[in-house]
Amino acid sequence: MTDVQTQVAGDERIKHRSRFREALIRPELGGIIGTILVFAMFLIFAGDSGMFNSQGVLNWGQISAQFMIIAVGACLLMIAGEFDLSVGSMIGFAGMLIAIFSVTLGWPVWMAIIVTFVIALAIGALNGYIVVRTGLPSFIVTLAFLFILRGFAIYLPQTIERKTIIGGVSDAAQGDWLAAVFGGKILTGLFQWLGDNGWIAVFERGTRKGQPVVDGLPMLVVWAIVLVIVGHVILTKTRFGNWIFAAGGDAEAARNSGVPVNRVKILMFMFTAFCATVFAACQVMEFGGAGSDRGLLKEFEAIIAVVIGGALLTGGYGSVIGAALGALIFGVVQQGLFFAGVESSLFRVFLGLILLFAVILNTYIRRIITGER
Amino acid sequence: MTDVQTQVAGDERIKHRSRFREALIRPELGGIIGTILVFAMFLIFAGDSGMFNSQGVLNWGQISAQFMIIAVGACLLMIAGEFDLSVGSMIGFAGMLIAIFSVTLGWPVWMAIIVTFVIALAIGALNGYIVVRTGLPSFIVTLAFLFILRGFAIYLPQTIERKTIIGGVSDAAQGDWLAAVFGGKILTGLFQWLGDNGWIAVFERGTRKGQPVVDGLPMLVVWAIVLVIVGHVILTKTRFGNWIFAAGGDAEAARNSGVPVNRVKILMFMFTAFCATVFAACQVMEFGGAGSDRGLLKEFEAIIAVVIGGALLTGGYGSVIGAALGALIFGVVQQGLFFAGVESSLFRVFLGLILLFAVILNTYIRRIITGER
Amino acid sequence: ATAASAEGEKYILVSHAPDSDSWWNTIKNGIALAGEQMKVEVEYRNPPTGDLADMARIIEQAAASGPNGIITTLSDYDVLSGPIKAAVDSGVDVIIMNSGTPDQAREVGALMYVGQPEYDAGYAAGVRAKGDGVGSFLCVNHYISSPSSTERCQGFADGLGIELGDQMIDSGQDPAEIKNRVLAYLNTNPETDAILTLGPTSADPTMLALEENGMAGDIYFGTFDLGEEIVKGLKSGVINWGIDQQPFLQAYLPVVVLTNYHRYGVLPGNNINSGPGFVTKDGLEKVEQFAGEYR
Amino acid sequence: MTSSQPLIRMQNIEKHFGSVIALAGVSVDIYPGECHCLLGDNGAGKSTFIKTMSGVHKPTKGDILFEGQPMYFADPRDAIAAGIATVHQHLAMIPLMSVSRNFFMGNEPLRKIGPFRFFDHDYANRVTMEEMRKMGINLRGPEQAVGTLSGGERQTVAIARAVHFGAKVLILDEPTSALGVRQTANVLATIDKVRKQGVAVVFITHNVRHALAVGDRFTVLNRGQTLGTAKRGEISAEELQDMMAGGQELATLEGSLGGTV
Amino acid sequence: MTSSQPLIRMQNIEKHFGSVIALAGVSVDIYPGECHCLLGDNGAGKSTFIKTMSGVHKPTKGDILFEGQPMYFADPRDAIAAGIATVHQHLAMIPLMSVSRNFFMGNEPLRKIGPFRFFDHDYANRVTMEEMRKMGINLRGPEQAVGTLSGGERQTVAIARAVHFGAKVLILDEPTSALGVRQTANVLATIDKVRKQGVAVVFITHNVRHALAVGDRFTVLNRGQTLGTAKRGEISAEELQDMMAGGQELATLEGSLGGTV
Ligand SMILES: Nc1ncnc2c1ncn2[C@@H]1O[C@H](COP(=O)(O)OP(=O)(O)OP(=O)(O)O)[C@@H](O)[C@H]1O
Ligand SMILES: Nc1ncnc2c1ncn2[C@@H]1O[C@H](COP(=O)(O)OP(=O)(O)OP(=O)(O)O)[C@@H](O)[C@H]1O
Ligand SMILES: [Mg+2]
Ligand SMILES: [Mg+2]
């Protein structure tokens with residue numbers, strides 16, 4: 001960036017700015033405004049469509065939680081100055097590994113999951129290693145891995161099982177302790193009590209008659225919340241968080257100041273891979289199987305959520321809370337358009353327009369913060 | 001980049017570098033090496049598979065020509081410092097417009113094509129205008145258009161014709177002068193003569209017995225060659241070419257030196273849209289119809305070809321010839337794997353590996369050229 | 001919601017197809033027409049990229065919006081059975097269409113199954129081809145990551161009684177690439193007896209490929225699903241047969257069945273197999289007229 | 001030394017960036033054949049001022065008269081066309097491009113072939129080599145990338161370029177700040193030479209001695225306003241330095257920081 | 001003035017970048033409490049030399065003795081840990097980060113809460129405000145982004161940071177090149193103050209007067225080699241300038257460029 005200079009306090013050449021306005025102006029502001037707008041909009045247009053009953057809330061809640069899980073990884077990585085186009089392929093690949101290990105090879109599910117995490121983290125580290133060693137843009141390196149991982153996600157089941165979907169993980173996962181961490185539900189008691197008291201809908205027939213339709217908080221949502229909190233704390237409250245900002249703001253300057261930039265970047269690539277694998281594991285456990293096409297285009301969705309949340313594509317600036325709000329907006333819009341009865345092929349058009357609108361808003365906010373012009 | 005300084009000629013602190021080595025070192029070098037390697041490899045592994053008879057050559061030639069058409073646009077745009085993720089969607093959208101205009105609205109095909117070009121160029125200009133005015137990264141802006149254009153490519157035929165494939169363009173295009181520019185073949189006489197003399201294969205059975213298997217040079221290939229030559233000449237031999245390099249190398253510096261950077265960038269976005277529309281028109285004319293899903297992922301393929309060809313993702317450096325070679329490599333590898341009988345789902349894996357290998361090679365070459373380290 | 005005989009019921013059809021898959025038009029047109037005729041509200045929903053996990057969420061969402069019935073495909077039992085069961089249990093009536101099997105439909109608690117079991121259809125086609133003397137083939141799979149596509153090829157191979165092996169290629173969705181990959185394959189394997197394509201996306205470019213290498217009309221050519229160009233191909237004899245699963249029926253009938261069930265409590269006692277029906281050169285007139293729209 | 005009519009008359013120029021007022025009404029006249037030094041503290045507005053002069057910024061208020069005519073530069077191209085060449089503080093060179101392409105950037109020589117006009121590379125290469133030789137720099141070749149030159153050499157290319165295109169006004173924004181003594185002496189000598197050819201030079205520096213060495217008149221800016229213009233000989237180094245510091249006390253050190261910094 | 005044992009001994013340092021030989025055997029000793037000026041032409045290798053000293057580059061050949069012990073810095077962290085603080089020529093500030101985050105970058109203060117250790121923002125903010133006030137700069141607040149500071153202010157943050165962390169050696173690479181006279185005087189005064197506290201200062205500059213104002217010893221580099229080291233008082237400004245120019249003739253100008261540039 002070009003040299004930007006502003007005179008300091010007490011300078012007659014700068015207009016006064018109120019404390020209130022100062023407090024308002026933060027990276028998440030765009031996300032907060034967007035969230036309010038989006039909810040207001042759907043409350044008006046889809047308020048009585050079931051979007052805000054327990055089932056509806058769980059529905060967009062889960063979609064948003066999905067986006068959040070990958071957005072947290074993408075956000076920290078983007079703030080560290082890189083990004084990862086292989087997230088979607090990693091989701092497909094990791095899910096496929098879990099299924100192959102547990103079903104085809106018959107390993108216990110906990111072992112399948114752990115080994116998959118190890119492999120995914122290794123691939124994340126490899127991504128990062130190539131980027132920091134060669135100095136290539138991460139766009140290209142991770143684009144290569146987008147193809148490589150997707151290729152394997154198709155090739156492996158294709159050669160091993162002659163199909164592109166491997167099912168039966170549910171049976172294998174029965175009673176597995178680690179599977180429950182990804183596929184289970186918590187607070188079931190609370191939801192049953194809510195259902196018994198008629199505050200949330202219950203099943204009207206079938207084997208589960210009388211049970212609440214929403215019978216617990218899926219672990220997917222728990223993971224999303226935990227990752228957002230952990231990500232936020234790491235980024236804003238720790239030494240390592242400062243290093244992430246520094247690595248993305250100006251790698252050379254950070255390196256000269258004693259920040260281990262390479263380590264930070266590689267760790268962030270690994271964290272992104274970790275998030276993608278959490279996503280994959282939750283998906284495999286919930287649906288009991290893996291498919292070659294899982295996670296298609298998820299890398300873009302993650303990047304979009306992060307950017308809507310106010311992060312800078314070029315690194316050094318952003319917020320995990322913002323990214324989480326971006327994911328929430330994205331999830332609510334995606335599902336809300338349906339509840340509002342909008343023609344589904346127009347969804348993409350809306351998505352594009354919202355993205356454009358969000359980045360322009362965020363740019364404006366950021367310029368106020370940094371004084372950049 | 002950080003300040004890079006090297007002492008000048010006659011400096012005792014620099015080792016001598018031979019004239020031959022100097023001549024070798026150019027942006028296209030990576031592409032040239034890659035092309036040689038790839039051809040050598042397939043001559044060995046698929047030499048007798050029909051890959052190198054007239055039909056086989058036409059086969060990978062056409063695929064490569066396709067890549068070339070969009071790679072030329074992407075290359076010039078990338079050298080001008082931007083890139084366009086909406087190329088693939090533009091292909092789908094433009095093709096759909098041609099089909100709707102000519103079949104549904106019944107316009108003469110030449111008019112349909114011209115109007116489509118006008119609309120596509122306007123969208124390209126809009127892309128560029130948003131990028132230069134807001135200063136947003138083109139990644140985000142064109143990502144928005146990726147969604148918007150694809151959305152319309154699905155929505156329009158869906159609402160107008162109740163289907164997502166619109167056929168019947170071939171009938172409408174019968175005898176149209178402009179349709180022939182995109183869908184015809186040239187040099188048919190020459191090929192017939194070659195066939196008659198037994199230099200190229202002729203059909204041995206079926207309705208076309210005795211005719212040469214390859215009966216002309218498709219206009220697709222002609223377009224590719226013309227665009228590559230025009231692109232190359234513009235880039236290296238004209239004032240405007242210098243401006244393209246300057247705009248991508250350092251927009252601020254170029255602007256201060258009197259280069260109309262905004263105009264250059266907007267024109268390059270328009271040129272990219274032009275190339276995408278040429279692609280779409282050729283495709284619609286060849287296959288007689290348009291589909292909503294045409295051009296999926298083509299933006300990546302264009303970028304990959306350009307990067308394999310030695311251009312710098314961050315702008316200011318690259319070569320059209322290189323991009324054309326990148327497209328050739330891409331096409332030959334893709335088809336060659338089929339001729340060589342490699343499991344087709346592994347194609348993506350190969351693609352990723354070749355991409356990685358190519359960029360690392362190119363980086364090395366570029367560092368030698370620029371003295372950057 | 002069974003006994004209400006008022007008009008304006010709401011039905012949602014959820015498919016597994018990505019936005020751009022042209023074959024699903026007929027389905028969209030089918031429900032739209034049924035909706036008009038029965039005076040009910042109908043809606044079509046699909047995962048934009050064809051990701052089945054996204055589809056599961058859409059079914060959940062559809063259930064949350066409280067429709068009278070859901071019509072959905074069952075292209076992966078593992079992924080979709082949970083949400084479908086939950087929908088059934090929460091009082092939404094479900095009909096399975098297009099993919100899945102009658103048994104699976106029963107298991108998830110659906111009212112009935114309307115469609116063409118993919119593997120069986122492939123198998124039937126294989127048996128027919130075997131009768132016509134086919135010994136080797138090429139299956140052009142333009143949608144490799146979808147399990148039902150693979151099942152079609154697998155069924156065909158099993159019907160012929162031969163190993164599938166490398167005879168299925170991942171062609172991608174770009175027409176030029178499909179065309180040239182088919183050419184490349186036939187170039188290296190000129191002794192191939194037959195070609196099987198899985199829908200208009202792969203059939204149209206494949207026809208052009210055959211025209212180009214002169215095998216049109218010469219090589220045995222069968223395809224799944226119909227489309228404008230396929231009909232032309234049938235007519236000109238390039239394509240020997242098309243397997244018509246009559247998607248129109250798969251969309252139209254469930255709406256009609258559900259509406260009547262909800263209004264008058266009547267329900268057919270059996271599943272409906274909308275296909276496989278072999279369409280050949282004979283009797284193409286109606287097909288030709290409505291190909292891509294209702295056929 | 002200065003002719004009667006100013007070449008450029010900047011009258012009451014104001015420039016605001018959002019809430020920041022960078023220039024609060026600055027008037028300066030530039031005469032042909034003079035070296036006009038622009039001095040002032042960091043952030044005083046010197047770069048902003050010359051950027052309005054060279055068409056990079058449009059003034060928020062105020063008039064620019066060029067050779068007596070009111071002049072509005074829409075962008076740097078207009079200013080260049082009018083004969084104003086600028087070497088910006090942050091160099092206007094593209095590191096990945098060759099020296100000769102950089103040299104002619106925005107002023108590409110053209111050669112007609114049939115109906116087309118092409119970049120005349122031969123001419124560009126020849127002229128570049130020549131001009132650089134004149135400035136005392138031997139290039140490996142005109143195709144060498146600017147990124148491989150040292151900072152001083154790049155600065156010299158920028159100045160040579162500005163001089164070559166026969167500007168009427170040459171604006172140099174802190175050209176010597178990163179240069180060694182030898183390179184500095186070269187640049188100062190060039191300024192001297194150019195001035196004698198009747199070109200007006202606007203020279204920005206923080207170094208009082210450099211200013212005094214070549215300057216004919218000295219304008220000091222402070223917080224967006226002029227503190228006044230002085231002629232050569234009318235002002236001592238110490239006075240000038242005090243003005244440049246904005247009238248504020250300088251930190252003192254025990255050592256013998258003899259008078260001027 | 002200089003104690004007997006050198007703090008850092010750089011012996012026969014060589015550094016090659018591919019085909020470029022940037023340093024061809026340079027030996028320099030740095031003593032505590034002295035201000036050691038490193039002078040030389042553009043591209044002489046000054047920055048490269050101090051980068052090997054601060055762990056950015058590994059020397060191709062040669063030894064570094066730190067307090068008498070051989071020392072190998074794997075990266076800048078090691079050098080910082082050993083007590084070598086550097087203000088690089090191209091600033092080591094991140095424009096988008098707040099002043100206090102920048103100030104403590106790489107040296108974040110930690111506070112324990114249970115088993116976890118968090119960045120102690122309160123402490124960081126307090127210290128930053130204080131240190132900047134000491135250097136004569138009033139920040140709007142510690143959360144202000146560095147990008148909104150003027151060049152001179154940024155330079156001051158970098159120097160204040162280096163001083164604050166109690167370095168034994170403070171390396172400054174052309175800290176004054178872009179500064180106005182007032183800011184320059186400030187920086188020189190700071191160097192003077194720090195030196196008196198017993199810190200060794202390595203000061204790179206192209207300005208002979210700045211060097212003479214605060215330097216105790218002067219080492220001149222030329223084309224990757226030392227031309228020798230001189231003590232304060234042993235050498236005149238003119239001699240020093242001749243050496244800095246690498247012994248080559250300076251371009252002369254008619255005007256009175258009195259002696260030193
Ligand atoms: N594009 C811009 N946006 C906002 N503020 C700006 C911009 N350009 C300059 N300024 C502000 O205008 C004032 C004058 O800046 P300018 O660059 O003209 O100073 P200068 O005199 O050249 O200083 P230096 O000697 O440090 O180069 C500064 O306060 C600066 O922050
Ligand atoms: N990373 C690098 N890669 C290649 N060459 C380099 C690199 N860093 C420095 N050089 C070369 O080493 C030599 C010395 O450069 P250095 O930056 O040390 O000079 P300097 O004395 O600091 O000059 P200046 O006064 O202009 O800052 C130069 O010829 C330069 O081109
Ligand atoms: Mg300035
Ligand atoms: Mg230096």
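Order of the sequence lines sets the chain letters (A, B, ...), proteins ahead of strands, with each chain counted from 1. What you are looking at is a predicted structure, and each value in this text was computed from that prediction instead of being measured.
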Heavy-atom contacts under 4.5 Å, residues 233-250 of chain A to chain E: A/Val233, A/Leu235, A/Thr236, A/Lys237, A/Thr238, A/Arg239, A/Gly241, A/Asn242, A/Trp243, A/Phe245, A/Ala246, A/Gly249, A/Asp250
message: Run the side-chain contact (heavy atoms from CB on, under 4.5 Å) test on A/Asn256 and E/Val56 for me, step by step, so that the C-alpha distance in whole Å, both residues' side-chain angles and the decisive distance to 0.1 Å come before the verdict.
response: CA-CA 7 Å; A/Asn256 288 345; E/Val56 174; 3.3 Å; yes
Crowding at OH, A/Tyr129 (>12 non-hydrogen neighbours, <6.0 Å): no
- prompt: Which bit of E/Met105 comes within less than 4.5 Å of chain A, counting heavy atoms only: side chain, backbone, both or neither?
  reply: both
- line: So, the part of E/Arg111 with a heavy atom under 4.5 Å from chain A: the answer is neither
message: Working to the nearest 0.5 angstrom, can you tell me the gap between A/Ser257 OG and E/His88 NE2?
response: 7.5 Å
message: More than 12 heavy atoms of other residues, nucleotides or ligands under 6.0 Å from CZ of A/Phe300: yes or no?
response: yes
